[in-house]
Structure formats: C-alpha cells, structure tokens
Amino acid sequence: QVQLVESGGGLVQAGGSLRLSCAASGSTFSSYVMGWFRQAPGKEREFVAVTNRNSASTSYTDSVKGRFTISRDNAKNMVYLQMNSLKPEDTAVYYCAARQSYFTTRLPVNFDYWGQGTQVTVYS
C-alpha cells in the first residue's frame, strides 16, 4: 500500500502557473503508475494526467494538453503536476492517485490509492 499527500495548491491569477506535488510513502513508489485527477464544484471527478513507472509514457486530457506537465522523481518518491496558462475552468480540487500496474489508465476506478486533495483556485 501507499500513502499520498498533495501540496502546492492555492489561489492564482488566470494565465499564471502553479506546481502541485504529491509525496508518496509506504510502498515501492517506482512500481506505481501515478495520475492526477480533479473535481470542480458541481462536477464529477475528471482525469487530468497519468505517467507510467519510468515516465516513458504520459497522457493528458485534451483540455490541459500543452499547458500541464506530469513528472516524477522516483528517487524522491515524488510526483508533480506543473500547470501553466491557468484558466478559471481549471479551478478544482486536485487529487494524486496511484495504481500498481504496468499500464497507464484514465479511469479513476483503476487507481487503488488516493491523496486527500489540494484546492486550486484560478481567478480572472
């Protein structure tokens, strides 16, 4: 099993940038597929980005492609989400998630462990 703790959320102007971090503990971090999801007010949980064990494969939802970048540092047990050119539509609680698998997925049901979430608010 693994414990996940997100940080780095906050209030940011539209067009600005924010970097989210996810610290993992409890298991061999490098063996996990890692993803980011978000949930906006009144909306269902939404896939944002995912990366495999060695970062050879990454995938993003269309609305953030070209603006967000997922990365990981297995030596530090950390996953990051760099968010640039932020829009008010990006406002949501962002969750880090983990799955012990060889294959990436966009489906929340396929992720086994979740962080507590960190709030990102983008204002005009």
Side-chain angles (χ1 to χ4, degrees):
Q1 293 187 312
V2 62
Q3 292 177 283
L4 306 173
V5 180
E6 303 97 333
S7 62
L11 187 66
V12 63
Q13 293 182 3
S17 297
L18 205 60
R19 189 193 195 195
L20 305 184
S21 298
C22 175
S25 64
S27 298
T28 303
F29 173 79
S30 61
S31 68
Y32 285 83
V33 168
M34 300 298 299
W36 287 96
F37 295 79
R38 66 187 181 186
Q39 188 162 13
K43 304 295 183 181
E44 295 184 344
R45 185 171 49 185
E46 175 190 24
F47 166 79
V48 176
V50 67
T51 185
N52 71 350
R53 297 179 180 187
N54 59 8
S55 301
S57 178
T58 59
S59 184
Y60 302 88
T61 191
D62 288 344
S63 63
V64 308
K65 185 70 175 179
R67 300 189 297 121
F68 290 11
T69 302
I70 187 171
S71 62
R72 68 192 299 165
D73 187 337
N74 289 340
K76 297 180 179 179
N77 284 15
M78 296 289 291
V79 180
Y80 307 98
L81 185 67
Q82 178 66 45
M83 305 185 294
N84 299 325
S85 301
L86 283 162
K87 306 174 181 179
E89 302 94 287
D90 295 318
T91 295
V93 176
Y94 283 72
Y95 297 92
C96 179
R99 170 72 173 178
Q100 189 167 3
S101 173
Y102 292 102
F103 309 106
T104 59
T105 177
R106 295 185 173 210
L107 300 176
V109 70
N110 290 331
F111 285 80
D112 302 304
Y113 308 105
W114 296 83
Q116 83 288 350
T118 185
Q119 176 70 47
V120 172
T121 301
V122 185
Y123 64 92
S124 301

Look up atom CZ in Phe111 and atom OG in Ser101, then write down how far apart they are to the nearest 0.5 Å. 8.5 Å
Side-chain contact, heavy-atom cut-off 4.5 Å: Gln13 with Tyr123? yes
Can you measure from OG (Ser31) to CZ (Arg99) and round to the nearest 0.5 angstrom? 11.5 Å
Compare all side-chain heavy atoms of Val48 with those of Val64 and state whether any distance is below 4.5 angstrom. yes
Rounded to the nearest 0.5 Å, how far apart are CE of Met78 and CZ of Phe29? 8.5 Å
As an exercise, state the distance from CD of Gln119 to CD of Gln39, rounded to the nearest 0.5 Å. 11.0 Å
Answer yes or no: is there a donor N or O on one side and an acceptor on the other, between the side chain of Glu6 and the main chain of Cys22, under 3.5 Å? no
Below 4.5 Å, heavy atoms only, C-beta onward: do Asp90 and Val120 meet side chain to side chain? no
Where is the tightest heavy-atom contact between Ala98 and Val2, given as atom of each residue plus distance? CB-CG1, 4.0 Å
Joint cluster assignment, Tyr60 & Leu20, ILVMFWY side-chain distance < 4.5 Å: yes
If hydrophobic clusters are built by linking Ile, Leu, Val, Met, Phe, Trp and Tyr wherever their side-chain heavy atoms come under 4.5 Å apart, do Tyr94 and Met34 end up in the same one? yes
Spatial distance of atom CD1 (Ile70) from atom SG (Cys96) [nearest 0.5 Å]: 7.5 Å
Counting only heavy atoms from other residues, nucleotides and ligands, does the tally under 6.0 Å from CD of Gln116 exceed 12? yes
Closest approach of Arg67 to Ser85 (non-hydrogen atoms, all atoms of both residues): NH1-O, 3.0 Å
Judged by atom type as modelled, is there a donor-acceptor pair below 3.5 Å linking the side chain of Arg72 to the main-chain atoms of Asn52? yes
Any side-chain to backbone donor/acceptor pair from Arg45 onto Tyr95? Under 3.5 Å, distance only. no
Looking at Asn74 and Asn54, would you say the former's side chain and the latter's main chain have a donor-acceptor pair under 3.5 Å? no
In this structure, would Leu81 and Leu86 fall into the same cluster of hydrophobic residues linked by side-chain contacts under 4.5 Å? yes
Going hydrophobic residue to hydrophobic residue with side-chain gaps under 4.5 angstrom, can you get from Tyr113 over to Val79? yes
CZ of Phe68 to OG1 of Thr61: how many Å apart, nearest 0.5 Å? 10.0 Å
Considering all heavy atoms, the nearest Ser124-Ala14 contact: CA-CB, 4.3 Å
Are Trp114 and Val93 grouped together when hydrophobic residues (ILVMFWY) are joined by side-chain heavy atoms under 4.5 angstrom apart? yes
Hey, is CZ on Phe103 packed in by over 12 heavy atoms from elsewhere, all under 6.0 Å? no
Donor-acceptor under 3.5 Å (Thr91 side chain, Val122 main chain): yes
Atom of Ser30, atom of Arg53 and distance for their closest heavy-atom approach: O-CB, 3.3 Å
Lys87 vs Ser63 side-chain heavy atoms within contact, under 4.5 Å: no
